[in-house]
Amino acid sequence: MSLSEFWDFLVLGVVLGSLYAVIAIGYTLVYGVLQLLNFAHSEVFMFGGYGGLLALTALIPETTPSGTGSVVYVLIGMVAGAALGGAVAFGLERVAYRPLRRRGAPRLVFLITAIGASFFLYNLAGKLFGRNPLPMPTMYENKRVLSVFGAELTITQVLILVSAVVMMIGLDYVVNRTKMGSGIRAVAQDPDVASLMGVDIDKVVSRTFVLGGLLGGAAGFLFGTNSQVWYTMGFLPGITAFAAAVLGGIGNVRGAMLGGLLLGVVETMTVGLWGDDWRYVGAFVVLVLVLMVRPTGILGERLGRTA
Amino acid sequence: MLNKTIVKLAVPMAIGALALTGCGGGDSGSDGAYKIAFQGPLSGDNVQLGQNMENGIKLAIDQAKASGDLDFEVEYVSVDDQGLPDKATTAAQKAIDDESVVAVIGPAFSGPADTAAEMFGAAGLVALSPSATRADLTTKGYKTFLRAVPNDSAQGSGMAKYLSQKVKADKVVVVDDKTDYGIGLADVAEKDLKAAGVDVVRQSVPQKTPDYSAAAKNVVKNKPDAMIYAGYYQDAGPFARKLEEAGFDGVTMSGDGTNDAQFIDLAGDASDGWLLTCACTDATKEEATKKFAADYEKEFKQAPGTYSAESYDATMMIIEQMKKLHAEGGVERQALVDALRGAKYKGLTKEFSFDDKGEFTNQAIYLYEVKGEGIEYQGGIDELVG
């Protein structure tokens with residue numbers, strides 16, 4: 001691998017990794033608060049893709065927009081994706097998880113419910129939107145606009161990077177600096193004491209889901225823009241992002257971001273060196289190695305303590 | 001206590017219900033209708049290819065009925081295998097269990113064909129596939145598998161021939177998608193290109209890779225004159241986009257799995273100039289199939305897709321043999337297999353006949369090119385290379 005190829009693949013890896021990071025946050029937030037592995041989060045992500053797609057299909061004009069037009073449509077797509085993602089996550093918590101929580105169901109039941117909800121949601125999407133993949137409407141001419149160490153980035157790649165960074169900084173702020181964030185952290189540390197201190201646990205849990213859903217939905221829109229939207233698109237990125245959350249220390253927001261970036265880079269570098277056959281081999285070897293040294297992930301577990 | 005009672009009651013009832021439906025399936029032939037079944041992807045990721053074929057078959061059955069010279073009833077049934085080998089056995093069993101099914105068109109894809117052909121063989125039920133092109137399907141001794149399409153060897157050879165003789169490429173990257181179909185096609189193309197003295201770099205990009213940017217970079221860094229993608233349109237779409245973004249300017253080529261209008265939808269402008277091979281002719285261009293294309297469009301509100309016309313022909317061929325057998329006393333599964341093996345049928349698309357392994361005897365390959373909004377028919381590869 002020559003140096004210029006190294007930069008090419010590194011940059012591609014960072015772009016993919018930043019998407020993984022944003023999805024991973026959804027897993028980690030919910031785990032931090034409920035110790036629940038929300039496997040249906042991959043479907044929240046998928047619905048985000050459809051949200052953006054449907055809004056843009058309805059609104060975008062025949063000719064490819066440019067300038068401010070492009071910016072407006074990107075924002076519309078992103079907001080629509082985030083909104084549908086948030087709505088699905090909200091509904092998921094209400095319909096699937098809250099009744100279980102009320103009845104004090106064992107962990108395993110939550111896990112199976114999550115998997116069941118995931119099956120239900122992607123088949124629902126297949127029914128609603130058809131099973132053929134759909135391309136995201138063209139919001140701009142995807143030119144190469146930026147050069148980093150000789151690696152040329154397209155508008156889509158810059159868009160993914162910038163939005164991911166903004167979302168991550170924003171979320172970090174929300175969790176660490178706002179009242180809602182301290183509620184989330186309090187419930188994560190000790191739900192019983194938190195509720196004694198006047199924290200409405202149901203509200204906090206619901207908000208946590210919506211927060212993760214907003215990010216997951218926006219990530220779905222970005223993923224769809226970079227590739228295409230189809231009803232099982234959540235599966236592989238979902239699994240990878242979940243692995244990223246574990247890698248960084250599940251329950252730890254900054255850990256999820258770090259884990260996502262790392263997995264994206266390792267995956268893409270592996271592809272660059274040995275081909276797409278080895279994509280997940282490289283990523284999961286790193287996962288196993290890290291967990292052997294640090295069983296709780298790079299930054300350690302627990303949303304409450306370290307986030 | 002109440003719960004337990006319900007459970008005790010529910011179990012035998014459920015079993016009873018299952019037994020009832022089982023009987024229902026077996027008895028449905030008693031109304032005297034023969035059924036022609038289609039096995040292929042009617043849900044899942046490659047549903048468009050399945051629908052192309054299903055529509056062709058339905059049209060054939062409707063027209064045969066409308067023609068008035070059938071003195072028996074023919075019905076259409078479908079069994080859905082999603083194009084996946086692991087779903088194929090259940091789908092095949094459904095067709096086999098329905099005793100009124102006398103012939104199966106399909107399985108549409110090579111992987112499912114490989115898992116299901118043995119079962120059809122044991123049941124003595126003919127499986128006539130107008131689209132499963134993996135080369136080795138006819139070398140495994142399946143008793144009732146017939147193929148009405150040139151195999152991947154022919155298609156891979158056609159690709160290699162065109163790139164080496166017409167494009168005069170010195171270096172070609174061959175990418176497969178890790179499916180049975182993709183690997184089979186890529187293997188043949190690689191072998192023939194090498195035999196023609198062309199430098200070949202082989203790469204694999206598994207289906208549904210979440211990000212094709214790295215794969216595209218891998219192609220570009222080898223600086224080939226041409227690239228062959230052996231896979232389906234769902235992945236070829238984003239791959240084509242990423243190749244364009246990565247600045248690839250060589251010749252891009254793919255096979256019949258990509259030869260669908262969906263590819264253009266998914267790849268957008270990046271699909272422009274892609275060469276697509278197919279064992280299928282263009283129904284809307286060839287003189288013989290124009291009427292078919294018009295009928296199809298009227299019925300289904302879309303132009304015929306890949307293998308629509310071939311499926312139509314296969315159905316008509318089966319119905320023709322059924323007519324003969326019916327006149328001699330009745331259509332039996334095994335008798336139909338034997339009749340089809342020896343049959344010659346002049347279809348809209350080509351002449352149909354099989355050798356003693358069930359392999360199609362006509363191995364011509366055709367070339368298409370994506371131009372603007374459509375896939376344009378270029379002609380037979382042998383004529384183009386000249």
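Every heavy atom of this structure was used, including side-chain atoms; hydrogens, water molecules and symmetry mates were not. Letters A, B, ... are given to chains in the order of the sequence lines, protein chains preceding strands, and every chain is numbered from 1.
When the shell of 6.0 Å around CZ of F235(A) is examined, it contains 12 or fewer heavy atoms from other residues, nucleotides or ligands. In this structure, F120(A) places its CZ atom where only 12 or fewer heavy-atom neighbours from other residues, nucleotides or ligands lie under 6.0 Å away. Heavy atoms from other residues, nucleotides or ligands lying under 6.0 Å from CD of E297(B) number more than 12. Surrounding NZ of K191(B) are at most 12 heavy atoms belonging to other residues, nucleotides or ligands under 6.0 Å away.
D276(A) and Q203(B) form no side-chain donor-acceptor contact under 3.5 Å, judged by distance and modelled atom types alone. Judged purely by distance below 3.5 Å, without hydrogens or angles, the side chains of Y233(B) and N132(A) pair a donor atom with an acceptor atom.
Taking both residues in full, the closest heavy atoms of Q262(B) and P133(A) are given as OE1-O, 4.0 Å, listed atom of the first, atom of the second, then distance. In this structure, R144(A) and A246(B) approach most closely via the heavy-atom pair NH2-C, 4.4 Å. Here the closest non-hydrogen pair linking R279(A) and D211(B) is NH2-O, 3.0 Å. Listed here is the closest heavy atom pair of V271(A) and A215(B): CG1-N, 4.4 Å. Across Y20(A) and P210(B), no two heavy atoms sit closer than the pair OH-CG, 3.9 Å. The shortest non-hydrogen separation linking K221(B) to G272(A) is NZ-O, 2.8 Å.
Ranked by non-hydrogen atom pairs under 4.5 Å with chain B, the options L134(A), N226(A), L16(A) are led by N226(A). When each of A214(B), G247(B), P206(B), G237(B) is checked for heavy-atom pairs under 4.5 Å with chain A, A214(B) comes out on top. Among L236(A), T232(A), D8(A), T156(A), the residue with the largest count of heavy-atom pairs under 4.5 Å with chain B is D8(A).
Taken from CG in N142(A) to CG in D269(B), the straight-line distance is 11.5 Å, to the nearest 0.5 Å. With rounding to the nearest 0.5 angstrom, the CD atom of E245(B) is 6.0 Å from the CD atom of Q157(A). One finds the OG atom of S213(B) at 10.0 Å from the CZ atom of F9(A) (value rounded to the nearest 0.5 Å). To the nearest 0.5 angstrom, Q228(A) atom CD is 7.5 Å from D235(B) atom CG. One finds the CD atom of Q48(B) at 14.0 Å from the CZ atom of R131(A) (value rounded to the nearest 0.5 Å).
When heavy atoms are compared at a cutoff of 4.5 Å, F223(A) approaches chain B solely by way of its side chain, counted from C-beta outward. For a residue to count as touching a neighbouring chain, one of its non-hydrogen atoms must lie under 4.5 Å from one of that chain's; by this rule T209(B) touches chain A with the side chain only.
Judged by distance alone, the side chain of Q234(B) and the main-chain N or O of W230(A) form no donor-acceptor pair under 3.5 Å.
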